[in-house]
Number of protein chains: 2
Amino acid sequence: MATGRTHRPATRSRGIPEATVARLPLYLRALTALSERSVPTVSSEELAAAAGVNSAKLRKDFSYLGSYGTRGVGYDVEYLVYQISRELGLTQDWPVVIVGIGNLGAALANYGGFASRGFRVAALIDADPEMAGKQVAGITVQHSDDMERIISENGVSIGVITTPPGVAQQVCERLVAAGVTSILNFAPTVLSVPDGVDVRKVDLSIELQILAFHEQRKAGEEAALTDGPRPVAATRKQSADKGPDGDVPAVMPA
Amino acid sequence: MATGRTHRPATRSRGIPEATVARLPLYLRALTALSERSVPTVSSEELAAAAGVNSAKLRKDFSYLGSYGTRGVGYDVEYLVYQISRELGLTQDWPVVIVGIGNLGAALANYGGFASRGFRVAALIDADPEMAGKQVAGITVQHSDDMERIISENGVSIGVITTPPGVAQQVCERLVAAGVTSILNFAPTVLSVPDGVDVRKVDLSIELQILAFHEQRKAGEEAALTDGPRPVAATRKQSADKGPDGDVPAVMPA
DNA sequence: ATGTCTTTGTGAACGCGTGCACAAAGATAG
DNA sequence: CTATCTTTGTGCACGCGTTCACAAAGACAT
């Protein structure tokens, strides 16, 4: 999970556990798909399969929201869509600013999954004067000098940081000072924020590194069955690899 | 966290807990920064602050790797960089394919954080014949007809899916059949994979929805104190703790 | 060598999340 | 109305992860 809080004293979510909150969007997505197919009701078993979770977990999650099911029948799809949307706060409009319009920022601006969930890209902001005035995803990029005004005028409380890591903390501070209280950080940096501000981080290279760990472990276990006892440098199965690769002993300090 | 396994019986990671593995890249990033500043040693307290975690947690994490510290002094930066890199499998080269070269796929191809961590974009693949042959991030996009050959020839075991959701499962199956055993999924779909294949998912809109939940909660608590109802569409329940839900019957089912 | 100081490594307690298993609740048929 | 069947909602136990707190270990000064 890309949970990126800097300082979480405890889950003060007044009842709903954090792990449950993180799954609600998953359920919502599955339910929306069912709704579009005009499926009236769904059992916990079916919905759990569609969302890729355990059915007992799903039922327990829903129990935190209230008793919205009917025993012997299941859950009313439309009703549940509404309840979850309301719980997540998606029945209202959330203006969002994206700061740092590089490749990733532009991709996010073009991403369709936001608008369909109640999120509206209120502004694109970049520090490069060359970028200001350009159109990205049909929105005019504005210069970061106007950040405070933009946030204030649009009532923005959620900011997305897609800047280079070097300026992320600085941008973060300006966002917070201007009134932003939730930040989605794509920059590979640890942001420090005052209490009351939520930060979630998405780090693309971290996800790959976690995959690499398991991949290496798989390769190591595989090799352990054939010959060597220890995963020394983890022999890759296909050696069609170009490049020197290999065991780079590096500098072993004292 | 963005743990995206479909069925995880238990992490048999031979000792190292999954939560620790997920933090190793974080430590590595902080250590790399220290290394570049030629800092010779670092205490658990300092490093923990730089990585944004508790120092006791960091020490326990490192204890799973072995005793690499010196009491009274701290950890040798260079040595720890090497040990963590080795543990994560970053001392070897990981060829990666990106399938689906839209805005996001192109952004990832351009992302610098991969190459610097031992990941090499071996190929960009797209189903659109118009895309084939075009250059993205200095790499020629290839058609998905050649997917199996590309994976086989390059010994690719990690695939990144940035396709539209409708074709993600199908692409996933082709990747797995061709030999890929780790998948990073950006498509908003639940992928089902056979045992032995790892899937991690990154869903941008889910992260925003989680932020929206907390944002709404903050607004609700604030409103309960000042009376100024900021949220318009959503009537937040206040004071009455739990109770019979916040009315709003909507389409109450039978 | 001895004592003091710093920092690691870890035993133990605690809390959260998960999943089983089942009773309660409602639908449905006779 | 009674019986049966389906599916929810949840009490409970278990395991993982987090954190505290402290003994052990080494550095360093005298």
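Below, read A as the first sequence line, B as the second, and so on, with proteins coming before strands; counting in each chain starts at 1.
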First encountered from the 5' end of DNA chain D, between Ala19(B) and Tyr75(A): Tyr75(A)
Might you point out which heavy atoms bring Ile183(B) and Cys172(B) nearest each other, and give the distance in Å? CD1-SG, 3.6 Å
Choosing from dG17(C), dA27(D), dT18(D), which nucleotide comes nearest the side chain of Glu18(A)? dG17(C)
Is there a donor in the side chain of Ser205(A) and an acceptor in the side chain of Gln209(A), or the other way round, less than 3.5 Å apart? yes
With a 3.5 Å distance limit and no angle check, can you tell me whether Lys218(A) reaches the backbone of Thr181(B) through a side-chain donor-acceptor pair? yes
Name the residue closer to the 5' end of DNA chain C, choosing between Glu45(B) and Thr20(A) according to the nucleotide with the nearest heavy atom. Glu45(B)
Respond yes when some side-chain nitrogen or oxygen of Asn54(B) is under 4.0 Å from OP1 or OP2 of dG17(D), and no when none is. no
Here the distance between atom P of dT6(C) and atom CD of Glu46(B), to the nearest Å, is 14 Å
N/O to N/O distances under 3.5 Å, protein versus nucleotides 10-13 of chain C:
residue	atom	partner	partner atom	Å
dG11(C)	O6	Lys60(B)	NZ	3.4
dA12(C)	N6	Lys60(B)	NZ	3.0

Are Tyr111(A) and Phe114(A) near enough that their ring centres are under 6.0 Å apart? yes
Aromatic ring proximity, centroids under 6.0 angstrom, Tyr75(A) and Tyr68(A): no
Does Ser44(B) have a side-chain nitrogen or oxygen under 4.0 Å from the phosphate oxygens OP1 or OP2 of dT8(C)? yes
Phe62(B) CZ to dT7(C) C1': how many Å, rounded? 14 Å
Specify the separation, in whole Å, of atom CG of Leu58(A) and atom C1' of dG19(C). 13 Å
Less than 3.5 Å apart, any donor N or O on the side chain of Asp76(A) or Thr41(A) sitting next to an acceptor on the other? no
Nearest-Å distance for atom pair NZ/C1', residues Lys57(B) and dT8(C): 18 Å
